[in-house]
Every structure is written in structure tokens, then in C-alpha cells.
J.: 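Just passing along the structure, written as C-alpha cells.
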Amino acid sequence: MRISSHRWDLSPREAVALQKKLAGRVVRERRLGPVARVAGIDVGFCDGVARAAVVVLSYPELEVIDSVLATRPVTFPYIPGLLTFREGPVILDAMGKLGTVPDLLIFDGQGIAHPRRLGIASHIGLLLDLPSIGCAKSRLCGRHEEPCLERGCHILLIDHGEIIGEVVRTRSRVKPVFVSIGHRVDLSTGIEYVLACCRGYRLPETTRWADRLAAGKRL
DNA sequence: GCGACAG
DNA sequence: ATCTTGTCGC
């Protein structure tokens with residue numbers, strides 16, 4: 001895969017300007033072919049070092065077929081809305097080591113459900129030009145009603161009148177996740193894959209594996 | 001000015 | 001994200 005990039009050593013103010021510029025390039029329509037490989041991506045931190053994990057699962061079997069790790073010193077603080085500038089660099093390092101090209105990327109974070117419509121799933125999906133979706137454990141912006149308690153129920157996430165994602169119940173009676181378009185996927189398709197990847201857990205198995213690897217545990 | 005705030 | 005014991009529920 002071709003990895004395009006840009007400078008990452010920006011001030012928060014410059015980072016915001018870059019997000020506004022890149023947001024216009026995000027493709028919100030479905031432009032993906034058959035999905036046979038889904039990747040989960042996550043980053044863990046320890047002693048000033050960021051460790052990114054990418055785990056590729058076969059679809060629909062959801063069996064691990066590849067995984068890579070990458071580490072690099074942390075150079076950017078956590079600032080709501082600027083998460084990509086903290087986790088992006090090490091994620092690109094890991095993606096560069098991947099011997100497989102995923103058909104779909106699932107991120108632990110927002111896609112366009114972001115103040116400037118460029119959450120980490122959209123930003124990285126755009127740089128890799130790969131279909132991606134955001135699957136966050138909590139809300140960054142937007143408002144919503146409570147989705148019903150059964151698995152599969154979902155309700156719109158709206159920000160200033162714009163639909164930016166959906167709050168999805170991946171397990172009955174368990175806290176819902178926030179699904180949003182990353183790049184080259186539509187919302188319905190994104191929800192479809194997130195649900196298809198959740199067999200018994202609240203988060204997709206893709207991000208679950210990546211979570212463990214990034215935290216320094218074993219698969 | 002006062003909250004809210006992905007990981 | 002990460003630091004952390006016991007405890008509640010199925």
C-alpha cells in the first residue's frame with residue numbers, strides 16, 4: 001500500500017488548520033470491494049513510548065492472519081480533537097511493516113464524528129487511501145438519544161444538525177459504541193461490519209486483539 | 001466566562 | 001491511555 005504523509009511536529013493550532021484542510025478530501029461514500037481482510041488498530045502507552053498494534057483478521061471467519069507492532073517516543077500530548085497527532089506517526093510505522101493489505105480498517109476512535117470531521121479513522125484512512133471506520137468507546141461530539149437495549153439497535157449521532165455517526169449496541173444491555181465513517185465507507189456499511197465483528201464482546205474482535213498487543217500482552 | 005472533551 | 005483491590009453478577 002502507498003502511505004502518503006505530512007509533517008507531524010505541529011503546534012496544536014497548526015494541527016487544527018491541517019485537519020480542516022484534509023477533512024475536505026475524506027470520501028463518505030462506499031468505495032470498497034469485497035472484504036476478506038479486516039484490520040484492527042490501536043495504540044498503547046508506557047514510559048513515554050507509544051506502541052501501535054495492527055492485527056489483520058480474515059472475514060467473515062475473524063481468524064488472526066497477520067499482526068505487526070511498532071514503537072516510537074511520544075511527542076504530542078493528548079488533546080481532545082487532536083488524538084491523531086499523538087497516535088498517527090506510530091500507526092503509520094506499523095502499517096508500513098504490514099505484509100498484508102487490509103480491505104477495511106477499524107479504529108479505536110472517531111471517524112468523521114469529530115469537531116472538524118477528521119477523527120483518527122478518517123485521517124489515517126485518508127493517508128493510506130484505505131476504507132476505514134471509527135469505533136469509539138465514548139463520545140467526542142454530537143448528541144443522541146439512548147439506543148434500545150438489544151444487540152444491533154442503533155440511533156443517530158447528530159452534531160449541529162448533521163448526521164456524523166450512530167450509537168450502536170454491540171451487546172444487549174451493554175454500553176454502546178460510537179460508529180462513524182472513516183474513509184471510503186458509508187455509515188450503514190460501517191455499522192454492518194462493526195456488528196459482524198462483535199462476537200461476544202462489546203468492541204470488534206479486531207480492535208480487541210490490537211488492544212491486547214498494544215498493551216504489551218500476548219495474543 | 002463556563003462546561004465538554006476519542007485515547 | 002495508565003495507575004489499581006476487591007467486589008458484584010451470571
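Proteins come first, then strands; the chains are lettered A, B, ... in the order of their sequence lines, and each starts at number 1. Keep in mind that what you see is a predicted model, and the values were worked out from it rather than measured.
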J.: Parallel, tilted or perpendicular, judged at 30° and 60°: which one describes the rings of H123(A) and H6(A)?
T.: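 It falls in the tilted class, 30° to 60°.
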
J.: For the residue pair W8(A) and T84(A), establish whether any side-chain heavy-atom pair is separated by less than 4.5 Å.
T.: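 Yes - at least one pair of side-chain heavy atoms lies under 4.5 Å apart.
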
J.: Please give, in whole Å, the distance from dA4(B) C1' to L83(A) CG?
T.: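 After rounding, the reported distance stands at 16 Å.
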
J.: Is F45(A) touching bases, backbone alone, or none of the nucleic acid, heavy atoms closer than 4.0 Å?
T.: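 The residue F45(A) makes sugar-phosphate contact but no base contact.
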
J.: Could you tell me whether G44(A) contacts a base, only the sugar-phosphate backbone, or nothing, with contacts defined as non-hydrogen atoms closer than 4.0 Å?
T.: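 Sugar-phosphate contact only - G44(A) comes under 4.0 Å of backbone atoms but never of a base.
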
J.: When you compare the ring of Y78(A) with the six-membered ring of dG7(B)'s base, are the centres less than 5.5 Å apart and the planes under 30° from each other?
T.: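 Yes; centroid distance and tilt both under limits.
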
J.: Within the supplied structure, the quantity of interest is the number of heavy atoms (other residues, nucleotides, ligands) at a distance under 6.0 Å from R151(A) CZ; does it exceed 12?
T.: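 For R151(A), atom CZ is crowded (more than 12 foreign heavy atoms under 6.0 Å).
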
J.: What integer distance in Å separates K175(A):NZ from dA6(B):P?
T.: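 These atoms are roughly 10 Å apart.
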
J.: Does K137(A) make a side-chain N or O approach to OP1 or OP2 of dG7(B) shorter than 4.0 Å?
T.: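 Affirmative; the distance criterion is met.
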
J.: Does S138(A) have a side-chain nitrogen or oxygen under 4.0 Å from the phosphate oxygens OP1 or OP2 of dG7(B)?
T.: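 Answer yes for this pair, as a side-chain N or O of S138(A) is under 4.0 Å from OP1 or OP2.
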
J.: Nearest whole angstrom, please: distance from the P of dA1(C) to the CG of L213(A).
T.: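 After rounding, the reported distance stands at 15 Å.
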
J.: What closest approach, in Å, do A53(A) and L213(A) show between heavy atoms, and which atom pair accounts for it?
T.: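 That would be CB-CB, 3.5 Å.
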
J.: With a non-hydrogen cut-off below 4.0 angstrom, is L82(A) in contact with a base, only sugar-phosphate, or nothing?
T.: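 Base contact - L82(A) has a heavy atom under 4.0 Å of at least one base atom.
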
J.: Calculate the interatomic distance between F76(A) atom CZ and dG7(B) atom C1'; express it in whole Å.
T.: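 Between C1' of dG7(B) and CZ of F76(A): 13 Å.
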
J.: So which atom in D159(A) and which in C141(A) form the shortest heavy-atom distance, rounded to 0.1 Å?
T.: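 Heavy atoms of D159(A) and C141(A) come nearest at OD2-SG, 4.0 Å.
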
J.: Distance check needed: dA1(C) P versus R212(A) CZ, whole Å only.
T.: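 Rounded to the whole Å, the gap is 14 Å.
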
J.: Contact class for G134(A) (heavy atom, under 4.0 Å): base, sugar-phosphate, or nothing?
T.: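 Answer is nothing: G134(A) stays at 4.0 Å or more from every strand.
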
J.: Rounded to whole angstroms, how far apart are CG on D42(A) and P on dT2(C)?
T.: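 Going from CG in D42(A) over to P in dT2(C) covers 8 Å.
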
J.: Just to confirm, is there a sub-4.0 Å distance from OP1 or OP2 of dC5(B) to any side-chain nitrogen or oxygen of R139(A)?
T.: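 R139(A) to dC5(B) OP1/OP2: side-chain N or O found under 4.0 Å.
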
J.: Can you check the F85(A) CZ to dA1(C) C1' distance for me, whole Å?
T.: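 From F85(A) CZ to dA1(C) C1': 19 Å.
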
J.: Specify the separation, in whole Å, of atom CZ of R173(A) and atom C1' of dG9(C).
T.: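 Nearest whole value for this atom pair: 13 Å.
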
